[in-house]
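To keep things clear, I will list the structure first and then write my remarks on it.
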Amino acid sequence: MCDRCKEDPAPKNMMITVKKRTDQWENEVTTIAEPPDEEIAISYGDRFIPRRFLLPTCERNLKFSAIKPIRDVLRLCTNENYWRENTLIPMINHIAEMIDGRIYSLTDPVVKSTGFIARTQYRDRSNNMGLDWPCKPRAKPCAHSDITFDLPDYDSSCEQNLVDWSSRGQIALSFGHDVIIWQSKVDITMAFNIKCPRSLAYSPSGEFLAIGCKSVGFPALELWDVSCTDDFSVVSGKIFHKKYGDVLCIEWTVSGKQIVSGTRYGTMYILSVPELNTLKKIRKHHLPITIIRFSPNMRYLAAGDAEGNIVVYNWSMCTPYLFVKSRRKLSVVFDWHPWTGVDLAISEDVPASIVLLHVPSKRIVAYYQQNNKKFSINSISFSKVTGELLVSTSVRDGGVCNDFKVLVMSSLDRIVDILRVTDGGARFLTWSPDGTRVATTGSDETLTMWKFCPTKREKYFKRLNGPKEKSSIDAKYGSQFRKWTTLK
């Protein structure tokens, strides 16, 4: 070492490098500053493997791992090939056997992901192979609008309990003091003037139509015989005391031998058909009963009131089995999974939330809640053919709702298809008896019918996924849907 180096040693934070010249000259000593640790972590890699820890690259690689990043379905921006990704990734995972133990995780503590996620989620997928509920989604989006009905003055009285679809091909809907019945097989539209209709529902066979209305100022329930296409007749009626209020919702048993009706002041009546005799009277609610749903296997009956409180009954004994109370006092919509018969999906509108409740164990197996009040959920409904969950959503911007759409979900974080609703949104969903069509209605005074499953694959879906239907609309009448205008 030269004398200069002995007199002026290098500082401790400097490192020494020696450069040897090819012409055998005397070695020169140079000193260079050592870069900080952060700079080394980002700019230097391993000796043989360069660093590949850029955040976009990591996110793309995570698509093919067993653990996918949690995405907010209401904020998700989908492209035309989104459904291909949902089909491709599970296939690659299965073929390549990509599990956690076989994937080398290239993590870098320096590069961190930032961002605030305005939602809370929970799911227990231990028994559903990565899905929140049993589902056989369609291979690709195929839903499209088929026909639009014009409904003048329907916006003021648009409710889910005022529209129903018969297995005989009839569609009944009510607004104001009119009940409109359209018969698809003969293409006939009939209008009936009824005093204060509040609810209506067809029997499973399509032979009877129950209508909640008023008679001489008293709440009443009328039973119509609609089996004959030429002439309808009233078979029987039931008059209720004024203290019970109007009949707001009606639900039939699968056999069609009984009717369950919910009144404005929280009383449920179980009536015989066709006599409409009172078999049982239940009062567990003190608010208007807005929705009643039987489980597909007729094991349970769920009823919800105007503040979101739900009571689940053992139908065989008509005894309460489970109470679900709402803390936010909001109206709820719910639907039973058509295959299991024990999973109940419950949704509140604002803030948007979806809860999947396993009724026998009284346990929540999955839930989604949006903390942002701009998003709202209007209605949810399961497809009995594919098991997909249809969720009608909207976005509030300064008190005005826009961006209406119906999300078709195979899980709480997986979108299979999107039904774009241009104006008015979809306040609720009504299925055809065979499950291949769905009807939506909104504030634009229209009723839109969508082809949800292709008609040519209808038998394939029924054999593969869902239970067989006892009665359905013949496929040949699907081409006879035409526009019509109701009478005022």
Side-chain angles (χ1 to χ4, degrees), residues 73 78 80-87 90 131-149 160 163-171 182 184-185 202 204 206 293 296 335-341 343 345 379-393 404-412 414-421 426 428-441 447-482:
V73 291
T78 59
E80 296 180 356
N81 296 326
Y82 178 79
W83 63 273
R84 299 177 186 269
E85 177 183 313
N86 288 332
T87 306
L131 298 176
D132 293 326
W133 57 80
C135 181
K136 285 286 186 180
R138 296 157 300 160
K140 62 179 180 179
C142 55
H144 62 277
S145 59
D146 183 33
I147 185 175
T148 299
F149 294 166
Q160 185 169 6
V163 177
D164 199 14
W165 203 326
S166 168
S167 59
R168 294 175 179 259
Q170 298 179 3
I171 295 179
W182 177 64
S184 62
K185 294 184 178 182
Y202 280 103
R293 292 288 184 272
D335 194 19
W336 293 91
H337 192 281
W339 302 348
T340 64
D343 293 322
S379 179
I380 61 173
S381 181
F382 279 106
S383 168
K384 60 184 178 182
V385 178
T386 64
E388 298 164 319
L389 179 65
L390 274 66
V391 182
S392 174
T393 66
F404 301 103
K405 55 189 176 182
V406 178
L407 305 179
V408 182
M409 303 167 58
S410 60
S411 189
L412 289 182
R414 303 181 187 181
I415 299 178
V416 181
D417 196 359
I418 297 180
L419 281 62
R420 299 287 181 179
V421 184
F428 55 82
L429 309 168
T430 303
W431 288 97
S432 63
D434 59 0
T436 60
R437 293 171 179 262
V438 63
T440 63
T441 185
L447 178 68
T448 304
M449 306 179 95
W450 305 74
K451 284 187 176 181
F452 187 75
C453 295
T455 306
K456 63 182 181 180
R457 302 187 64 186
E458 176 184 344
K459 295 181 179 180
Y460 167 76
F461 274 108
K462 288 183 179 181
R463 183 177 68 254
L464 182 64
N465 302 325
K468 295 182 179 179
E469 294 293 323
K470 295 182 180 179
S471 58
S472 61
I473 300 177
D474 195 339
K476 66 180 180 180
Y477 297 111
S479 60
Q480 296 183 6
F481 284 91
R482 292 193 293 269

- prompt: Do Thr340 and Trp133 have side-chain atoms, one donor and one acceptor, less than 3.5 Å apart?
  reply: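 Their side chains do not contain a donor-acceptor pair, so the 3.5 Å distance test is not met.
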message: Run Phe452 and Val385 through side-chain contact (heavy atoms from CB on, under 4.5 Å) and show every step you take.
response: CA-CA 10 Å; Phe452 187 75; Val385 178; over 6 Å; no
- prompt: When Ser410 is tested against each of Asp417, Ile415, Val416 for side-chain contact (heavy atoms from CB on, under 4.5 Å), which residue passes?
  reply: Val416
Measure the shortest side-chain to side-chain distance between [X] and [Y] over non-hydrogen atoms and say whether it is less than 4.5 angstrom.
X: Ile171; Y: Met449; value: yes
X: Thr386; Y: Pro137; value: no
X: Asp132; Y: Arg414; value: no
X: Thr393; Y: Val406; value: no
X: Trp450; Y: Leu390; value: no

task: Show the numbers, then the answer: is there a side-chain contact (heavy atoms from CB on, under 4.5 Å) between Val408 and Arg138?
output: CA-CA 10 Å; Val408 182; Arg138 296 157 300 160; 3.4 Å; yes
- prompt: Do you know the tightest heavy-atom contact between Pro296 and Gly341?
  reply: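 For Pro296 versus Gly341, the nearest heavy atoms are CD-CA, 3.7 Å.
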Do [X] side-chain atoms and [Y] backbone N/O form a donor-acceptor pair below 3.5 Å?
X: Ser167; Y: Pro204; result: yes
X: Lys451; Y: Cys142; result: no
X: Trp336; Y: Arg293; result: yes

query: Does the ring of Tyr202 carry Arg168 above it, NZ/CZ under 6.0 angstrom from centre and within 45° of its axis?
result: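 Judged by the rule, Arg168 and Tyr202 form no cation-pi pair.
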